[in-house]
Amino acid sequence: MAAVSDADNLASIKLFNDPAEAAPQPPGKRPLAVIGAGFSGTIAVLHLLRQLPIDQPVLLCERAPEFARGVAYATGDNDHLLNVRATNMSALADEPSHFADWLRRRAEQTSQGLHPTEAGLFASRGLYGQYLRTLLDTALRETAGHAQLRLMPDDVTDVTPISGAGFTLTFAGGAKIDVAGIVLAVGNLSPEETPDPRICANPWGEKASKKLAGDLPVLIVGTGLTMVDLVISIRRRGFTGKIIAMSRGGLLPSRHASVDPWPMPRLTPAELKSMHLLMNRIRREVGAAAQHGVDWRAVIDSLRPFTAQLWGGMPLAERRRFLRHVRRYWDVHRHRMAPPHADLIAQMQREGSLQIMAGRVLGYDTNGGLVNVRYRLRGAGNEQVLPVQRVIVANGLEAIERTRDPLMGRLIASGLARFDKHNMGLDVTEALHVVRADGTPAERIWALGPIVRGVFWECVAVPDIRVQASHMAASVVAGLRADAPKWNFII
Ligand SMILES: Cc1cc2nc3c(=O)[nH]c(=O)nc-3n(C[C@H](O)[C@H](O)[C@H](O)COP(=O)(O)OP(=O)(O)OC[C@H]3O[C@@H](n4cnc5c(N)ncnc54)[C@H](O)[C@@H]3O)c2cc1C
């Protein structure tokens, strides 16, 4: 199936930006709005279209130039690879080989973007974006006859409840649309960029890897997969100077390897309630696997389908302990590098063009041409200074409450939503209803994907979000059905 460009689509698909249509509508006609068209929003839409009656319109809103890409799959850099094997990247949980089959059909014409390795096939993230786009295009075509799915290419900046029946969305472009309910699929909220060209707060922005001088060093704060991405982008732009990456532990993500499966350990009630006991058990399980010639990765992978349950069942204090003491070790074992990336990083370390440091950035002095970074190496007492031409912060938004995102600000200020207990994202119920400031579920606002990771932990990658999207659609259908008499909603 040929991909259709956004330009083609915007011309052929009726967008929901006609002021006459945007005028207040009777409740029964109001669309369900999905805010954010990255992986989570796009797949949420596919499930909603499968599960909702065909007279329930769905409006997909996206502020970025392209739909069905999101932060992860908008990259035009062919060297940016998926960090999950292609065989596990189907967008549809009930069709596990969907992406691999799509790749196979495409490979008959070109193998560009495909990287076969000893640990399996890894595809470029740009290619994955094309795949998502074809899924969205198919949905648009299939629903075109009854115009069930519309795209709204604008930034949602406010949500206000309409008394008893839905919400009015306000868009940056000035439009206002009344909707029946809202699915928040807003993803990883990017930190606000700084005006100083030498300090990059958003590692995914254009500014991060642009216009670097030949030989003056660059500091990346963070040593995870985002750092790996940055190193690739910076190198691709011809930078030949030294890149220094610093994090408190100085730990690099591990490398993917081919592994045999290992069964999920049967955990005791005590292990399910104590992070310390759980980690000890995982260590013992890794030892047991090794005795059978099975790699540690298989043990970590065995936990994955149950991680959300484990997380939810742990007392709050234990989850906090995990975030403080275990997270950085967990992350480097759980989120791994594709072998070509691991090879590049190792080679650059050998050459000296990349240096990984364990330390803590204490502050910057930006007077003068260079940025003087004050830091302390792990275990060292004295403060040191590192002059660099640019600092790129790549260790994520530390606390969601620091976000400057207008929509998030409005949702919190109006009490329609509240942050989760770990300050990582939004608080939601098991059924993915957003929890209001007063602790009650917002009946017609749902959220999914990385924005709810404080509640589920394991919901940031495709294999987990695709399952969550299906649950969310079922919750939406049940929620709207509960409103049926008021909404004249027929199922
Ligand atoms: C660089 C990177 C690489 C990754 N690689 C992988 C991988 O290889 N495999 C894997 O399984 N996972 C990977 N992930 C994890 C990734 O989080 C998920 O795969 C998934 O892409 C998350 O999708 P999302 O739609 O929830 O978030 P996002 O991709 O962040 O998309 C959210 C979208 O919402 C839009 N939006 C936000 N607010 C508004 C608003 N108010 N109005 C309108 N639009 C709005 C944004 O513009 C954005 O397009 C990667 C993540 C990153 C950041």
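Keep in mind that what you see is a predicted model, and the values were worked out from it rather than measured. Counting convention: from 1, in listed order, for ligands and their atoms alike.
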Undergrad: Determine whether the side chain, the backbone, both or neither of His80 has a heavy atom under 4.0 Å from any heavy atom of ligand 1.
TA: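 Neither part.
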
Undergrad: Can you pull out the closest protein heavy atom to atom 15 (C) of ligand 1? Residue, atom name and distance to 0.1 Å, please.
TA: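 In this structure, atom 15 (C) of ligand 1 has Val460 O, 3.0 Å as its nearest protein heavy atom.
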
Undergrad: Has Met408 got any heavy atom lying under 4.0 angstrom from an atom of ligand 1?
TA: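 No, Met408 has no heavy atom closer than 4.0 Å to ligand 1.
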
Undergrad: Give me the nearest non-hydrogen protein atom to atom 42 (N) of ligand 1 as residue plus atom name, then the distance to 0.1 Å.
TA: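 Nearest protein contact, heavy atoms only, for atom 42 (N) of ligand 1 is Val156 N, 3.0 Å.
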
Undergrad: Once you restrict to heavy atoms under 4.0 Å, what part of Pro463 touches ligand 1? Side chain, backbone, both or neither.
TA: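 The part of Pro463 near ligand 1 is the side chain, not the backbone.
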
Undergrad: Working note: Phe122 + His341, criterion ring pair (Phe, Tyr, Trp, His ring centres under 6.0 Å); need CA distance, chi angles, decisive distance, verdict.
TA: CA-CA 11 Å; Phe122 289 82; His341 287 178; 8.6 Å; no

Undergrad: Is there a donor-acceptor contact under 3.5 Å linking the side chains of Thr440 and Asp438?
TA: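 Note: Thr440 and Asp438 side chains meet the donor-acceptor criterion.
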
Undergrad: What protein heavy atom sits nearest atom 48 (C) of ligand 1, and how far away is it?
TA: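 That would be Glu62 OE1, 3.6 Å.
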
Undergrad: Of the backbone atoms (N, CA, C, O) and the side-chain heavy atoms from C-beta on, which set of Arg69 has a member under 4.0 Å from an atom of ligand 1: side chain, backbone, both, or neither?
TA: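 Neither part.
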
Undergrad: Out of the candidates His433, His471, His47, only one should pair with Trp446 under the ring pair (Phe, Tyr, Trp, His ring centres under 6.0 Å) rule; please name it.
TA: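 One option only clears the test, and that one is His433.
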
Undergrad: When you measure from the heavy atoms of Tyr73 to every atom of ligand 1, does any distance fall below 4.0 Å?
TA: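 So Tyr73 counts as touching ligand 1.
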
Undergrad: Which part of Asp155 is near ligand 1, with near meaning a heavy atom under 4.0 Å away: side chain, backbone, both or neither?
TA: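 Near ligand 1, Asp155 shows its backbone as well as its side chain.
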
Undergrad: Please examine the side chains of Arg436 and Arg418, heavy atoms only from C-beta on, and report whether any two atoms are closer than 4.5 Å.
TA: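 No, side chains not in contact.
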
Undergrad: Hey, are His80 and Ser233 close enough side-chain-wise for a donor-acceptor pair under 3.5 Å?
TA: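 Looking only at side-chain atoms, His80 and Ser233 do form a donor-acceptor pair, the distance falling under 3.5 Å.
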
Undergrad: Between Ile35 and ligand 1, find which residue part has any heavy-atom pair under 4.0 Å and reply side chain, backbone, both or neither.
TA: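 The answer is the side chain of Ile35.
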
Undergrad: So is there a nitrogen or oxygen of Arg63 less than 3.5 Å from a nitrogen or oxygen in ligand 1?
TA: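 It does: an N or O of Arg63 is found under 3.5 Å from an N or O of ligand 1.
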
Undergrad: Measuring from non-hydrogen atoms of Thr42 to any atom of ligand 1, is the shortest distance under 4.0 Å?
TA: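 The answer is no, since Thr42 has no heavy atom less than 4.0 Å from ligand 1.
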
Undergrad: Take atom CZ of Arg404 as the centre, draw a 6.0 Å sphere, and report whether it contains more than 12 heavy atoms from other residues, nucleotides or ligands.
TA: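 Not buried by this count: 12 neighbours or fewer within 6.0 Å.
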
Undergrad: Lys176 and Thr170: side-chain donor and acceptor closer than 3.5 Å?
TA: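 Thr170 and Lys176 do have a side-chain donor-acceptor pair below 3.5 Å.
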
Undergrad: Can you find an N or O of Val462 that's nearer than 3.5 Å to an N or O of ligand 1?
TA: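 Among all N and O atoms of Val462, at least one is under 3.5 Å from an N or O of ligand 1.
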
Undergrad: With a 4.0 Å cut-off on heavy atoms, is Trp204 touching ligand 1?
TA: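 Contact check Trp204 vs ligand 1: positive.
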
Undergrad: Check the side chains of Arg237 and Ser209 for a donor-acceptor pair under 3.5 angstrom, ignoring hydrogens and angles.
TA: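 The criterion, which ignores hydrogens and geometry beyond distance, is satisfied for Arg237 and Ser209.
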
Undergrad: Write out the residue and atom name of the closest protein heavy atom to atom 27 (O) of ligand 1, then the distance separating them to 0.1 Å.
TA: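 Looking only at protein heavy atoms, the one closest to atom 27 (O) of ligand 1 is Gly187 CA, 3.1 Å.
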
Undergrad: Indicate, as side chain, backbone, both or neither, the part of Asp229 found under 4.0 angstrom from ligand 1 when only non-hydrogen atoms are considered.
TA: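 Side chain only; the backbone of Asp229 stays clear of ligand 1.
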
